[in-house]
*Asks:* 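Take this structure, written in structure tokens, and hold onto it; I'll ask about it next.
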Amino acid sequence: MKRKIDVTEYGNQILKAIPKGVLLNSKADKFNSMVIGWGGIGTNWGLPVFTVYVREGRYTREQLDQNPEFTISVPMGNPDPQITRVCGTVSGRGIDKAAQAHLTLEEPEIVSVPGVREYPLTLECRVLYRQKQELNLYPEKALKFYPQDVDSENCDANKDAHVMYIGEIVDAYIIE
């Protein structure tokens, strides 16, 4: 069962959860989920939006470029650390993350990407805009996140810039 919510009433809770890790879910060839700690909720062009940043070399970026829809899954309580380990350190290119992390996928209401029961606060989003970030425009203090000598496949740090995706929040609910 899903309980519809007004996303503005949960904005503070979502903002507090982002630095600790929320799930960015995508689905093109197959379902994929990655832990993100950078992102934001707000209003753009008069619409409620969630903005995510995905490094160029990530499988999730390929997925979003093929299918410009995503869900954001926010924990409520203490999620299983196995979810963070799998979804935060392993690429979905070669594995089934849902199976590896023991995720229970929940059918979406509007978009084509499922939510995750274990992270029940769910935002369904459609990409409105995307833009590759330009490293030469970043402030000096941000460049530590882009070491040029670390391979792009490394999950902890790499040289790739991020692609910013602004997604309109088209539905919001809590999976119960």
*Asks:* Which atoms form the tightest heavy-atom contact between Pro19 and Leu15, and what is the distance?
*Replies:* CD-O, 3.2 Å
*Asks:* Between the main-chain N or O of Glu56 and the side-chain N or O of Lys132, is there a donor-acceptor pair closer than 3.5 Å?
*Replies:* no
*Asks:* Heavy-atom distance under 4.5 Å between the side chains of Gln66 and Asp29, does that happen here?
*Replies:* yes
*Asks:* Are Leu24 and Met76 connected in a single hydrophobic cluster, I mean Ile/Leu/Val/Met/Phe/Trp/Tyr linked by side-chain heavy atoms less than 4.5 Å apart?
*Replies:* yes
*Asks:* Going hydrophobic residue to hydrophobic residue with side-chain gaps under 4.5 angstrom, can you get from Val22 over to Val35?
*Replies:* no
*Asks:* Under the ring pair (Phe, Tyr, Trp, His ring centres under 6.0 Å) test, which residues partner Tyr138, sequence neighbours left out?
*Replies:* Tyr146
*Asks:* Out of curiosity, Thr71 OG1 to Leu123 CG, how far, rounded to the nearest 0.5 Å?
*Replies:* 8.5 Å
*Asks:* Walk me through whether Arg117 and Glu106 qualify under salt bridge (charged side-chain N to carboxylate O under 4.0 Å, His left out).
*Replies:* CA-CA 6 Å; Arg117 180 173 291 280; Glu106 186 75 25; 2.8 Å; yes
*Asks:* To the nearest 0.5 Å, tell me how far Ile95 CD1 sits from Arg93 CZ.
*Replies:* 12.0 Å
*Asks:* Can a donor-acceptor pair be found, under 3.5 Å and without considering hydrogens, that links the side chain of Asn32 to the backbone of Ser26?
*Replies:* no
*Asks:* Is there side-chain contact between Arg3 and Tyr173, with heavy atoms separated by less than 4.5 Å?
*Replies:* no
*Asks:* Determine whether Ile14 and Phe50 satisfy the following criterion, side chain to side chain contact (heavy atoms under 4.5 Å, CB included), listing intermediate values before the conclusion.
*Replies:* CA-CA 10 Å; Ile14 294 166; Phe50 196 93; 3.9 Å; yes
*Asks:* Nearest 0.5 Å, what's the CD-OG1 distance between Glu118 and Thr104?
*Replies:* 3.5 Å
*Asks:* Would you say Ile166 ends up clustered with Val52 if hydrophobic residues are merged whenever their side chains have heavy atoms under 4.5 Å apart, either directly or through other cluster members?
*Replies:* no
*Asks:* Given the rule that I, L, V, M, F, W and Y join up when any side-chain heavy atoms are under 4.5 Å apart, are Tyr119 and Tyr10 in one cluster?
*Replies:* no
*Asks:* Under the side chain to side chain contact (heavy atoms under 4.5 Å, CB included) rule, what do Arg61 and Arg55 come out as? Steps first, then yes or no, please.
*Replies:* CA-CA 7 Å; Arg61 193 231 6 112; Arg55 290 193 191 264; over 6 Å; no
*Asks:* Checking Asp6 now: which residues fulfil side-chain contact (heavy atoms from CB on, under 4.5 Å) with it, not counting sequence neighbours?
*Replies:* Thr8, Glu9
*Asks:* Report the distance from atom NZ of Lys4 to atom CG of Asp171, rounding to the nearest 0.5 Å.
*Replies:* 3.0 Å
*Asks:* For Leu103, is there any backbone N or O sitting under 3.5 Å from a side-chain donor or acceptor partner on Lys97?
*Replies:* no
*Asks:* Check Glu168 with Arg126, please: is the shortest side-chain N to carboxylate O separation under 4.0 Å?
*Replies:* no
*Asks:* Any side-chain heavy atom of Asn25 sitting closer than 4.5 Å to one from Val116?
*Replies:* yes
*Asks:* Is the NZ atom of Lys16 crowded by more than 12 outside heavy atoms at less than 6.0 Å?
*Replies:* no
*Asks:* Out of curiosity, Ser33 OG to Gln100 CD, how far, rounded to the nearest 0.5 Å?
*Replies:* 13.0 Å
*Asks:* Would you confirm whether Ser73, through its side chain, and Gly115, through its main-chain N or O, come within 3.5 Å as a donor-acceptor pair?
*Replies:* no
*Asks:* Would you please test His102 and Asp80 for side chain to side chain contact (heavy atoms under 4.5 Å, CB included) and show each step?
*Replies:* CA-CA 9 Å; His102 307 290; Asp80 182 346; 5.6 Å; no
*Asks:* Is the side chain of Glu124 donor-acceptor paired with the backbone N or O of Val111 at a distance under 3.5 Å, no angle test?
*Replies:* yes
*Asks:* Mark yes when over 12 heavy atoms from residues, nucleotides or ligands other than Lys20 sit less than 6.0 Å from its NZ; otherwise mark no.
*Replies:* no
*Asks:* What are the two closest heavy atoms between Pro114 and Pro108, and how far apart are they?
*Replies:* CA-CD, 3.9 Å
*Asks:* Taking all atoms of both residues into account, what is the closest heavy-atom pair of Ala161 and Leu135, and its distance?
*Replies:* CB-CG, 3.9 Å
*Asks:* For Glu109 and Val170, run side chain to side chain contact (heavy atoms under 4.5 Å, CB included): C-alpha distance rounded to whole Å, both residues' side-chain angles, the deciding distance at 0.1 Å, then the answer.
*Replies:* CA-CA 9 Å; Glu109 295 295 306; Val170 296; over 6 Å; no
*Asks:* So His162 and Trp38, would you call those rings parallel, tilted or perpendicular, with 30° and 60° as cut-offs?
*Replies:* tilted
*Asks:* Is it the case that one hydrophobic cluster holds both Val49 and Leu64, taking links as side-chain heavy atoms less than 4.5 Å apart, direct or via other members?
*Replies:* no
*Asks:* Using a 6.0 Å cut-off, check whether atom CD of Glu176 has over 12 heavy atoms from anything other than its own residue.
*Replies:* yes
*Asks:* Look up atom CD1 in Ile169 and atom CD1 in Ile41, then write down how far apart they are to the nearest 0.5 Å.
*Replies:* 4.0 Å
*Asks:* Under a 3.5 Å distance rule, please check whether Lys27 uses its side chain to pair with a backbone N or O of Asn67 as donor and acceptor.
*Replies:* no
*Asks:* Taking Thr84 for the side chain and Gln82 for the main chain, is one N or O donor matched with an acceptor at less than 3.5 Å?
*Replies:* no
